[in-house]
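Here is the structure we will look at.
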Amino acid sequence: MTPARSDAAFLAIIAALHLLIGGGHQYAHVVAEVENTPLQVLFILIVITIAPWAATYIAWKRNLKIGAALFSASMAASFVFGFVLHFVLESPDLYSNVVPEHRGLFLHSALGLALVEFAGFVYGAHLAWKWRQPNG
């Protein structure tokens, strides 16, 4: 496997981990009865769920630099969205407002998302920088 393919494959691994943890967090939303607004659902669908996979596809099939930059941007936007809603703003989505019996799952899945999103942002930015030159 070429270095570019290895880098793109690692983006796919991060995207898969992100999807898995995101599914767990969505389950936490359901059991804790914390609903998302229609605008939040749209953002979650497009930026958090579809964009990392689209970026990974671009990195694998078209252009690693562009795919990695898009991946980094989607992970950064996802991180900011989740961090603000789960840890900053006073809302039903704030982890401390979740009913106590589901707070642990909600908090840990939100933290897991934040960690993988931050890692995805950093790794995607690293790859975009690394592959900025034609010889990588």
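Atom CH2 of residue W53 and atom CG of residue L11 lie 10.0 Å apart, to the nearest 0.5 angstrom. Atom OG of S96 and atom CZ of R103 lie 6.5 Å apart (nearest 0.5 Å). Note that OG1 of T49 and CD of Q26 are 9.0 Å apart. Values are rounded to the nearest 0.5 Å.
Between H102 and V34, every side-chain heavy-atom pair lies at or beyond the 4.5 Å cut-off. Contact of the N97 side chain with the E90 side chain is registered, since non-hydrogen atoms from C-beta on lie closer than 4.5 Å. For the pair L45/I50, a side-chain contact is recorded, criterion being any heavy-atom separation below 4.5 Å from C-beta on. The side-chain heavy atoms of L70 and I66, taken from C-beta on, include a pair separated by under 4.5 Å. Here the side chains of L111 and H86 are not in contact, with every heavy-atom distance at 4.5 Å or above. I14 places a side-chain heavy atom less than 4.5 Å from the side chain of F71. When side chains are defined from C-beta on, W60 counts as touching R5, because their heavy atoms get closer than 4.5 Å.
Hydrophobic cluster membership is shared by L85 and I46, with clusters built from Ile, Leu, Val, Met, Phe, Trp and Tyr side chains linked at under 4.5 angstrom. Residues L17 and L19 do not share a hydrophobic cluster, defined by chaining ILVMFWY side chains whose heavy atoms lie under 4.5 Å apart. Criterion: ILVMFWY side-chain heavy atoms under 4.5 Å apart, direct or through other members. Under it, I13 and L127 are part of a common hydrophobic cluster.
Around the CD atom of E33, the shell of radius 6.0 Å holds no more than 12 heavy atoms that belong to other residues, nucleotides or ligands.
Taking the six-membered ring where the residue is Trp, F106 and H25 present tilted rings, their angle falling between 30° and 60°. Relative orientation of the Y123 and F10 rings is perpendicular, given thresholds of 30° and 60° on the angle between their planes.
F79 and F121 have their aromatic ring centers separated by at least 6.0 angstrom.
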